[in-house]
Amino acid sequence: MSTVFLNGQFLPANEARISPMDRGFLFGDGIYEVIPSYQGRFVGFGPHISRLHDGLAALSIQHGMTAAAWRELCDKLLELNRPALGDNLAVYIQVSRGADTKRNHAFPSGISPTIFAYAFAIAAEPVPDKAKVPTYSVITGNDLRWQRCHIKSTSLLGNVLHYQQGVEQGAQEILLFDRDANLTEGAAVNVFVVKNGEIATPPLSNKLLPGITRLLLLEILRQHSDLNVVEREISYDEVLAADEIWLTSSSKEIAPVLSVNGRPVGNGAVGDMWLAAQRLFSEYKYSVEC
């Protein structure tokens, strides 16, 4: 039985109870984060918490938690759960506006946020090895989500529907494009495109989530390599003509895509640029400052 945190208490998961009147349940009125750790070491903890606070501020949710308090909470969850779940764990944090006595779209006053967190087992730390890295096949689609994708909201139905679109077509992800046919992101990932030695990713905007792995990778490549890395608009045609495509997320780190809409990316194999990037990421991900 795993141990979770709910509103100031650590307790067995099967004893955790949240009101059905909670606005996170009724409206998706909340923010979440997922922070990976390996052997007790978190990856990008500070940037994850900064993004959490940014999202809560965007929703005007007052929570009273400092970065130090979050660190103490997450460290405790690792301590309590590593004996049963193993050394590779992610911590999920969710903060909703809280529970009111009635359902009303307007923000209620006088309620306390619901703060929930738990740890769950994740796969072993990714390694820079072409023979061992999981590879992905993706499809493409028009981005039909809301216009505030930079907020890591628990309202994920748009992402879920896009992700399911890929699943139903036998793919593991979907690359999304705006009305101008420019790449935004995937259903659950940021995207990098490699062509003729240039590593490009879409610039941050309301159209995509400011991914923490994306942030760390950009910092690492700029600080510790002479690779050509840019943030710019990427067209649909550029994606189809790419030498390499990478998906980035906290669970995947840097994942190579081998096919788009059934067509091979580049030569259809894991690329040398991916290998160089993953080697650098594996070496510096615990120490880079963002």
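As a basis for the values below, the full set of heavy atoms in this structure was taken, side chains included, without hydrogen atoms, waters or symmetry mates.
In this structure, Glu173 contributes its side chain and Ala187 its backbone to a donor-acceptor pair below 3.5 Å. Using a distance-only test at 3.5 Å, with no hydrogens or angles considered, no donor-acceptor pair links the side chain of Asp143 to the main chain of Thr184. Of the possible polar contacts, one joining the Asn190 side chain to the Leu209 backbone as a donor-acceptor pair under 3.5 Å is found. In terms of modelled atom types and a separation under 3.5 Å, the side chain of Thr140 and the main chain of Leu175 share no donor-acceptor contact. Looking only at distances, no side-chain donor or acceptor of Ser282 sits under 3.5 Å from a matching main-chain atom of Arg279. A donor-acceptor contact shorter than 3.5 Å links the side chain of Thr213 to the backbone of Ser249. Put simply, the side chain of Asp22 gets close to the backbone of Gly24: a donor and an acceptor are under 3.5 Å apart. Not one N or O on the side chain of Gln94 forms a donor-acceptor pair closer than 3.5 Å with the backbone of Ala117. In terms of modelled atom types and a separation under 3.5 Å, the side chain of Glu231 and the main chain of Thr201 share no donor-acceptor contact. Trp70 contributes no side-chain N or O that, together with a main-chain N or O of Ile49, makes up a donor-acceptor pair within less than 3.5 Å.
Counting heavy-atom neighbours within 6.0 Å of Glu72 CD, excluding the residue itself, gives a total of 12 or less. Few gaps surround CZ on Arg222; more than 12 heavy atoms of other groups in view lie less than 6.0 Å from it. Surrounding CZ of Phe27 are more than 12 heavy atoms belonging to other residues, nucleotides or ligands, all under 6.0 Å away.
Between Tyr92 and Tyr118, the angle of the ring planes lies from 30° to 60°, which puts this pair in the tilted group. Note on ring orientation: taking the six-membered ring where Trp is involved, the planes of Phe5 and Phe10 are perpendicular (angle over 60°, cut-offs 30° and 60°).
Phe177 has its side chain out of reach of Asn182: every pair of non-hydrogen atoms, C-beta onward, lies at least 4.5 Å apart. Under the 4.5 Å side-chain criterion, counting only non-hydrogen atoms from C-beta, Val191 is in contact with Leu247. At a threshold of 4.5 Å between non-hydrogen side-chain atoms, the residues Thr3 and Leu11 do not count as touching. Residues Val34 and Tyr32 are in side-chain contact: their nearest non-hydrogen atoms beyond the backbone lie under 4.5 Å apart. Within the 4.5 Å cutoff, the side chain of Ser37 has heavy atoms near those of the Leu89 side chain. Using a 4.5 Å heavy-atom threshold, the side chains of Val95 and Thr114 count as separate.
Atoms CD1 and NZ, on Ile93 and Lys152 in that order, are 11.5 Å from each other to the nearest 0.5 Å. In this structure, the separation between CZ on Arg23 and CG on Leu26 is 8.0 Å, given to the nearest 0.5 Å. Here Trp146 contributes atom CH2 and Asn206 contributes atom CG; the two are 10.5 Å apart, rounded to the nearest 0.5 Å.
Smallest separation of non-hydrogen atoms from Gln62 and Pro113: O-CG, 3.3 Å. Taking every heavy atom of both residues into account, Ala255 and Pro134 meet most closely at CB-O, 4.4 Å. The nearest pair of heavy atoms linking Leu77 to Ala119 is O-CB, 4.4 Å.
A side chain to side chain contact (heavy atoms under 4.5 Å, CB included) with Glu238 is found for one member of Lys195, Arg232, Glu233 and no other, namely Arg232. Across Arg41, Lys285, Lys132, Lys252, a single residue satisfies salt bridge (Lys or Arg N to Asp or Glu O under 4.0 Å) together with Glu125, and that is Lys285.
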What verdict does the side-chain contact (heavy atoms from CB on, under 4.5 Å) test give for Asn228 and Val230, after you've listed the backbone C-alpha separation in whole Å, the side-chain angles of each residue and the deciding distance to 0.1 Å? CA-CA 7 Å; Asn228 180 21; Val230 299; 3.8 Å; yes
Carefully, step by step, assess Lys207 and Asp178 under the rule salt bridge (Lys or Arg N to Asp or Glu O under 4.0 Å). CA-CA 8 Å; Lys207 298 177 184 179; Asp178 65 19; 2.8 Å; yes
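Cluster membership for Ile254 and Tyr136, using ILVMFWY side-chain heavy atoms within less than 4.5 angstrom, is not shared.
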